[in-house]
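In what follows, a structure is listed as structure tokens, so that the remarks can point back to it.
All residue numbers refer to positions in the sequence shown, counting from 1. Since the structure is predicted, the reported quantities are computational estimates derived from the model, not experimental observations.
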Amino acid sequence: MTSKRLFQSVAEQIAELIDQGAYAPGTRLPGERELAEKLGVSRVTIREAEIALQAVGRLEIKTGSGVYVSEKVPTIGGNLPQASAFEVTEARLLVESEAAALAAHNISEEAIERLSGLVEQMASDDEEVANAADEQFHLTIAEASNNAAMVHTIKSLWQMREEIPDVKATYEAVCVHDSKSRTEEHRAVFDALKARDPAGARAAMREHFHRLIDAMLEATERKALEELQQKASESRQRFSAAANIG
């Protein structure tokens with residue numbers, strides 16, 4: 001694998017075009033096909049680059065409307081609170097469960113189709129593709145809630161997940177070891193949304209986050225045990241060396 005994936009390079013090219021004024025704030029980007037031809041890459045690569053740029057606040061992907069250049073300057077990670085992975089996940093559980101319930105009332109067929117594709121992408125062996133699909137899945141549901149305050153809150157929580165180092169590291173450790181559960185849980189959320197079942201969507205989303213919190217606890221305990229074992233091993237080596245000297 002190269003040091004920089006293709007979609008990252010394409011994301012930088014699009015960001016540079018935005019900075020140069022080719023696409024003004026608030027305007028709609030050309031379609032995937034046009035951008036793919038312009039930059040000499042596939043539409044899938046364009047889609048991945050757009051998801052990456054949305055994650056850092058440069059673009060806004062509006063289901064059924066298109067991709068737009070953000071009008072606001074992206075916030076700096078240093079302004080984020082010193083929250084733990086557990087606090088971020090607890091907040092996500094509370095907010096995103098209700099967003100899923102609202103989305104079940106309002107979601108369009110186009111959004112349902114998009115979510116279906118994202119669930120399939122989450123099963124990918126490519127970790128970066130799976131993680132990007134995971135984020136877009138949650139943001140698509142947020143947008144389907146038709147509640148601007150909820151969309152803003154969920155985007156802020158995702159920013160904490162990605163930009164607070166300890167939170168990001170904890171999520172990466174859990175998601176790598178639990179990718180199958182993650183895909184199955186998102187499919188359960190999708191099924192409830194497709195059925196327009198608010199109670200089912202809320203319950204499925206809550207179940208997803210409860211499992212995530214349990215996995216985080218196990219990962220934390222596992223890390224603590226490994227650190228304890230490492231210290232014990234170092235102590236044995238030190239005492240053994242001292243005994244041999246004596």
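- The minimum heavy-atom distance linking Ala104 with Leu193 is given by the pair N-CD2, 3.7 Å.
- Heavy-atom neighbours of Lys194 NZ from other residues, nucleotides or ligands within 6.0 Å: at or below the threshold of 12.
- Looking at Lys168 and Glu163, no side-chain N of the basic residue comes within less than 4.0 Å of a carboxylate O on the acidic one, giving no salt bridge.
- For the pair Lys38 and Leu17, the minimum side-chain heavy-atom distance is below 4.5 Å.
- Asp166 CG: 12 or fewer foreign heavy atoms inside a 6.0 Å radius.
- Salt bridge status for Arg47 with Glu32: present, with a side-chain N to carboxylate O gap under 4.0 Å.
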### Message
Set out, in order, the CA-CA distance, both residues' side-chain angles and the distance that settles side-chain hydrogen bond (donor to acceptor under 3.5 Å, both in side chains) for Asn131 and Arg182, then state yes or no.
### Response
CA-CA 10 Å; Asn131 287 340; Arg182 176 173 66 169; 2.9 Å; yes

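- Taking a cutoff of 4.0 Å between a charged side-chain nitrogen and a carboxylate oxygen, Asp19 and Arg58 qualify as a salt bridge.
- At a threshold of 4.5 Å between non-hydrogen side-chain atoms, the residues Pro25 and Tyr68 do not count as touching.
- At a threshold of 4.5 Å between non-hydrogen side-chain atoms, the residues Leu53 and Val67 do not count as touching.
- Side-chain polar atoms of Gln54 and Glu135 form no donor-acceptor pair below 3.5 angstrom.
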### Query
Stepwise, does the side chain to side chain contact (heavy atoms under 4.5 Å, CB included) test hold for Met122 with Val129?
CA-CA 7 Å; Met122 262 183 269; Val129 170; over 6 Å; no

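- A donor and an acceptor atom, one from each side chain of Gln8 and Glu12, are nowhere located under 3.5 Å apart.
- A donor and an acceptor atom, one from each side chain of Ser156 and Thr153, are nowhere located under 3.5 Å apart.
- When all heavy atoms of His186 and Val119 are compared, the pair lying nearest together is O-CG2, 4.2 Å.
- Using a 30° and 60° split on the angle between ring planes, Trp158 and His138 fall in the tilted class, from 30° to 60°.
- Residues passing the side chain to side chain donor-acceptor pair (under 3.5 Å) test with Arg114, sequence neighbours excluded: none.
- In this structure Glu34 satisfies the side chain to side chain donor-acceptor pair (under 3.5 Å) test with no other residue, sequence neighbours excluded.
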#### Entry: Evaluation steps, side chain to side chain contact (heavy atoms under 4.5 Å, CB included), between Glu60 and Lys62
CA-CA 6 Å; Glu60 291 183 53; Lys62 300 180 180 180; 4.0 Å; yes

